[in-house]
**Q** 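Here it is, the structure in full.
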Amino acid sequence: QVQLVESGGGLVQAGASLRLSCVASGFPFSEYAMGWFRQSPGKEREFIAAIKWGGDSTKYADSVTGRFTISKDDAENTVYLQMNNVRSEDTSAYYCARDRQRRRSWTPTGKENFNLWGQGIQVTVSS
(Lines give C-alpha, C1' and ligand atoms only; values in the text may rest on other atoms or scores of the structure.)
Protein backbone atom coordinates (compact mmCIF):
# COMPACT_ATOMS: atom_id res chain seq x y z
CA GLN A 1 0.00 0.00 0.00
CA VAL A 2 1.37 3.38 -1.04
CA GLN A 3 1.22 5.65 1.97
CA LEU A 4 2.95 8.12 4.28
CA VAL A 5 2.43 8.01 8.02
CA GLU A 6 3.57 10.86 10.26
CA SER A 7 4.37 10.65 13.97
CA GLY A 8 6.06 12.67 16.68
CA GLY A 9 3.70 15.60 17.06
CA GLY A 10 2.21 16.90 20.27
CA LEU A 11 2.25 19.75 22.74
CA VAL A 12 5.57 21.48 23.45
CA GLN A 13 6.68 24.67 25.12
CA ALA A 14 8.14 27.56 23.18
CA GLY A 15 11.88 27.17 22.81
CA ALA A 16 11.80 23.39 22.98
CA SER A 17 12.65 20.82 20.30
CA LEU A 18 10.54 18.22 18.55
CA ARG A 19 11.21 15.69 15.82
CA LEU A 20 8.57 14.61 13.35
CA SER A 21 8.92 11.34 11.46
CA CYS A 22 7.23 10.16 8.31
CA VAL A 23 7.43 6.50 7.32
CA ALA A 24 6.84 5.72 3.67
CA SER A 25 5.70 2.45 2.14
CA GLY A 26 4.68 1.02 -1.20
CA PHE A 27 7.12 2.86 -3.46
CA PRO A 28 10.93 3.18 -3.94
CA PHE A 29 11.49 5.82 -1.25
CA SER A 30 15.13 6.49 -2.14
CA GLU A 31 14.15 7.72 -5.61
CA TYR A 32 11.79 10.52 -4.57
CA ALA A 33 12.22 13.96 -3.10
CA MET A 34 10.25 14.46 0.09
CA GLY A 35 8.79 17.52 1.71
CA TRP A 36 7.12 18.87 4.81
CA PHE A 37 4.23 21.32 4.75
CA ARG A 38 1.97 22.76 7.39
CA GLN A 39 -1.56 24.09 7.44
CA SER A 40 -3.50 26.02 10.06
CA PRO A 41 -7.29 26.43 10.05
CA GLY A 42 -8.41 28.93 7.45
CA LYS A 43 -4.98 29.16 5.85
CA GLU A 44 -3.34 27.73 2.78
CA ARG A 45 -1.01 24.76 3.12
CA GLU A 46 2.49 26.22 3.20
CA PHE A 47 5.86 24.80 2.30
CA ILE A 48 8.28 24.19 5.17
CA ALA A 49 11.16 22.04 3.92
CA ALA A 50 12.15 19.63 1.18
CA ILE A 51 14.99 17.25 0.47
CA LYS A 52 16.09 16.05 -2.95
CA TRP A 53 15.80 12.33 -3.67
CA GLY A 54 19.57 11.80 -3.31
CA GLY A 55 19.67 13.75 -0.05
CA ASP A 56 22.25 16.18 -1.45
CA SER A 57 20.07 19.27 -1.48
CA THR A 58 17.57 20.79 0.94
CA LYS A 59 15.29 23.81 0.79
CA TYR A 60 13.56 25.68 3.62
CA ALA A 61 10.95 28.34 4.08
CA ASP A 62 12.38 31.58 5.42
CA SER A 63 10.26 31.24 8.55
CA VAL A 64 12.06 28.05 9.65
CA THR A 65 15.55 28.47 8.22
CA GLY A 66 18.12 27.96 10.96
CA ARG A 67 15.61 26.27 13.27
CA PHE A 68 14.26 23.26 11.33
CA THR A 69 16.24 20.52 9.59
CA ILE A 70 14.93 17.95 7.12
CA SER A 71 16.71 14.63 6.65
CA LYS A 72 15.97 11.21 5.24
CA ASP A 73 17.02 7.66 6.02
CA ASP A 74 16.61 5.51 2.93
CA ALA A 75 17.28 2.32 4.87
CA GLU A 76 14.31 3.11 7.13
CA ASN A 77 12.12 4.68 4.41
CA THR A 78 11.73 7.65 6.72
CA VAL A 79 11.94 11.41 6.38
CA TYR A 80 12.42 13.54 9.48
CA LEU A 81 11.79 17.13 10.44
CA GLN A 82 13.87 18.26 13.40
CA MET A 83 12.25 21.33 14.91
CA ASN A 84 14.38 23.39 17.29
CA ASN A 85 13.53 26.55 19.19
CA VAL A 86 9.87 26.24 18.30
CA ARG A 87 7.62 29.28 18.47
CA SER A 88 3.90 29.73 19.02
CA GLU A 89 3.53 30.55 15.32
CA ASP A 90 4.78 27.03 14.50
CA THR A 91 1.51 25.65 15.86
CA SER A 92 -0.11 23.84 12.96
CA ALA A 93 -0.94 20.50 11.38
CA TYR A 94 2.18 19.15 9.67
CA TYR A 95 2.10 17.00 6.55
CA CYS A 96 4.82 15.05 4.80
CA ALA A 97 4.60 14.67 1.06
CA ARG A 98 6.23 12.81 -1.81
CA ASP A 99 7.35 14.36 -5.09
CA ARG A 100 5.17 13.45 -8.06
CA GLN A 101 8.27 12.91 -10.18
CA ARG A 102 10.82 10.17 -9.66
CA ARG A 103 14.48 11.28 -9.49
CA ARG A 104 13.74 14.93 -10.16
CA SER A 105 16.97 16.83 -10.89
CA TRP A 106 16.07 19.70 -8.57
CA THR A 107 14.51 20.10 -5.14
CA PRO A 108 10.80 20.88 -5.37
CA THR A 109 9.10 23.33 -3.01
CA GLY A 110 5.67 24.07 -4.48
CA LYS A 111 2.82 21.89 -3.27
CA GLU A 112 1.82 21.29 -6.90
CA ASN A 113 5.00 19.19 -7.24
CA PHE A 114 3.82 16.70 -4.61
CA ASN A 115 1.09 14.13 -5.17
CA LEU A 116 1.17 11.84 -2.15
CA TRP A 117 0.36 13.20 1.31
CA GLY A 118 0.31 11.87 4.82
CA GLN A 119 -2.71 12.26 7.07
CA GLY A 120 -1.11 15.10 9.00
CA ILE A 121 -0.06 15.46 12.61
CA GLN A 122 -0.73 18.29 15.03
CA VAL A 123 2.03 20.32 16.65
CA THR A 124 0.98 22.79 19.33
CA VAL A 125 3.47 25.21 20.88
CA SER A 126 2.55 26.81 24.17
CA SER A 127 4.08 30.12 25.16
Side-chain angles (χ1 to χ4, degrees):
Q1 184 177 1
V2 178
Q3 64 178 1
L4 301 171
V5 180
E6 300 101 337
S7 63
L11 175 64
V12 293
Q13 289 190 329
S17 296
L18 193 67
R19 189 177 77 162
L20 304 183
S21 301
C22 172
V23 178
S25 60
F27 63 92
F29 177 79
S30 65
E31 298 188 22
Y32 286 87
M34 299 295 295
W36 285 95
F37 291 75
R38 66 188 182 191
Q39 186 171 20
S40 298
K43 294 188 176 180
E44 292 284 323
R45 188 166 297 188
E46 64 170 339
F47 167 76
I48 296 301
I51 185 165
K52 192 178 170 186
W53 67 274
D56 56 336
S57 173
T58 56
K59 299 286 186 183
Y60 296 94
D62 290 343
S63 59
V64 305
T65 296
R67 300 188 299 123
F68 291 10
T69 302
I70 187 171
S71 61
K72 65 196 297 270
D73 184 337
D74 290 341
E76 298 293 330
N77 284 0
T78 302
V79 60
Y80 301 98
L81 184 69
Q82 178 67 43
M83 306 168 63
N84 295 332
N85 190 24
V86 295
R87 305 167 179 168
S88 57
E89 54 263 39
D90 296 321
T91 294
S92 190
Y94 284 73
Y95 299 85
C96 70
R98 187 202 73 181
D99 192 354
R100 65 172 62 246
Q101 182 175 324
R102 197 166 173 170
R103 296 195 175 203
R104 190 188 297 270
S105 61
W106 44 275
T107 308
T109 59
K111 56 182 181 288
E112 69 277 4
N113 296 125
F114 297 83
N115 67 345
L116 178 66
W117 297 84
Q119 81 284 359
I121 193 160
Q122 181 66 32
V123 173
T124 302
V125 181
S126 63
S127 57

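Heavy atoms only: backbone and side chains are in, while hydrogens, waters and symmetry mates are out.
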**Q** Kindly state each residue pair satisfying disulfide bond (SG atoms under 2.5 Å apart) with at least one member in residues 17-127, sequence neighbours excluded.
**A**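 Output for this query lists Cys22-Cys96.
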**Q** Please answer whether the main-chain N or O of Trp53 pairs with a side-chain N or O of Lys72 as donor and acceptor at a distance below 3.5 Å.
**A**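 The answer is yes, because a donor-acceptor pair under 3.5 Å joins these two groups.
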**Q** Should we say atom CD of Glu44 is surrounded by more than 12 heavy atoms from elsewhere, each under 6.0 Å from it?
**A**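 It does not: Glu44 CD has 12 such atoms or fewer within range.
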**Q** Using atom types as modelled and distance alone, determine if a side-chain donor or acceptor of Thr109 lies under 3.5 Å from a backbone N or O of Ala50.
**A**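 No; zero donor-acceptor contacts below 3.5 Å.
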**Q** Mind checking what makes side-chain contact (heavy atoms from CB on, under 4.5 Å) contact with Ala14, not counting sequence neighbours?
**A**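 For Ala14 the side-chain contact (heavy atoms from CB on, under 4.5 Å) partners, ignoring immediate neighbours, are Val125.
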**Q** For Ser40, check side-chain contact (heavy atoms from CB on, under 4.5 Å) against everything at least two apart and list the hits.
**A**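 Scan of Ser40 (side-chain contact (heavy atoms from CB on, under 4.5 Å), adjacent residues dropped) gives Lys43, Ser92.
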**Q** Check residues 54-63 and write down every donor-acceptor pair under 3.5 Å in which the side-chain atom is one partner and the other belongs to a residue at least two apart or another chain.
**A**
| residue | atom | partner | partner atom | Å |
| --- | --- | --- | --- | --- |
| Ser57 | OG | Thr107 | OG1 | 2.8 |
| Tyr60 | OH | Ile70 | N | 2.9 |

**Q** Starting from the C-alpha separation in whole Å, work towards a yes-or-no answer on side-chain contact (heavy atoms from CB on, under 4.5 Å) for Arg67 and Asp90.
**A** CA-CA 11 Å; Arg67 300 188 299 123; Asp90 296 321; 2.8 Å; yes
**Q** Quick one: OG on Ser21 to CG on Leu81, what's the gap to the nearest 0.5 Å?
**A**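 Reported to 0.5 Å precision, the distance equals 9.5 Å.
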**Q** Show the nearest heavy-atom pair for residues Leu18 and Gly10, with the distance to one decimal.
**A**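 Shortest heavy-atom contact: CD2-N, 4.5 Å.
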**Q** Just grab all the ring-ring contact (aromatic ring centres under 6.0 Å, His included) pairs involving residues 10-50, residues at least two apart or on different chains.
**A**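 Listed once each, the pairs are Phe27-Tyr32, Phe37-Phe47, Phe37-Phe114, Phe37-Trp117.
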**Q** Within the structure provided, determine whether Arg38 and Val64 are in side-chain contact (heavy-atom separation under 4.5 Å).
**A**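 Side-chain contact under 4.5 Å: yes.
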**Q** Side-chain heavy atoms under 4.5 angstrom apart, residues restricted to Ile, Leu, Val, Met, Phe, Trp, Tyr: same cluster for Val79 and Tyr94?
**A**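 Val79 clusters together with Tyr94.
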**Q** Under a single-linkage definition using a 4.5 Å side-chain heavy-atom cutoff for Ile, Leu, Val, Met, Phe, Trp and Tyr, are Met34 and Val123 assigned to the same hydrophobic cluster?
**A**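 Yes, it is one cluster - the side chains of Met34 and Val123 are joined through contacts under 4.5 Å.
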**Q** Look up atom CZ in Arg19 and atom CD in Gln82, then write down how far apart they are to the nearest 0.5 Å.
**A**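 Here the rounded value is 7.0 Å.
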**Q** Of all the heavy-atom pairs spanning Leu4 and Ala24, show the shortest one and how long it is.
**A**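 Minimum heavy-atom contact is CD2-CB, 3.6 Å.
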**Q** Under 4.5 Å between side-chain heavy atoms, counting indirect links through other Ile/Leu/Val/Met/Phe/Trp/Tyr residues: same cluster for Leu20 and Leu116 or not?
**A**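 In one cluster: yes.
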**Q** Would you say Tyr95 ends up clustered with Ile48 if hydrophobic residues are merged whenever their side chains have heavy atoms under 4.5 Å apart, either directly or through other cluster members?
**A**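 Result: no, two separate clusters.
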**Q** Can you tell me if Gln13 uses its side chain to pair, donor with acceptor, with the backbone of Ser126 under 3.5 Å?
**A**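 A pair under 3.5 Å: no.
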**Q** By side-chain contact (heavy atoms from CB on, under 4.5 Å), which residues pair with Arg104, not counting sequence neighbours?
**A**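 If we apply the side-chain contact (heavy atoms from CB on, under 4.5 Å) test to Arg104, skipping adjacent residues, the hits are Asp99, Arg100, Gln101, Trp106, Pro108, Asn113.
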**Q** With distance as the sole test, does Lys52 use its side chain to make a donor-acceptor pair with the main-chain N or O of Ser105 at under 3.5 Å?
**A**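 Checking the backbone N and O of Ser105 against the side chain of Lys52, a donor-acceptor pair under 3.5 Å is found.
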**Q** Within the side chain of Gln119, is there an N or O that forms a donor-acceptor pair under 3.5 Å with the backbone of Val5?
**A**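 Not confirmed, Gln119 side chain does not pair with Val5 backbone.
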**Q** Are any non-hydrogen side-chain atoms of Leu11 and Gln122 less than 4.5 angstrom apart?
**A**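 Heavy-atom side-chain distance check fails, nothing below 4.5 Å.
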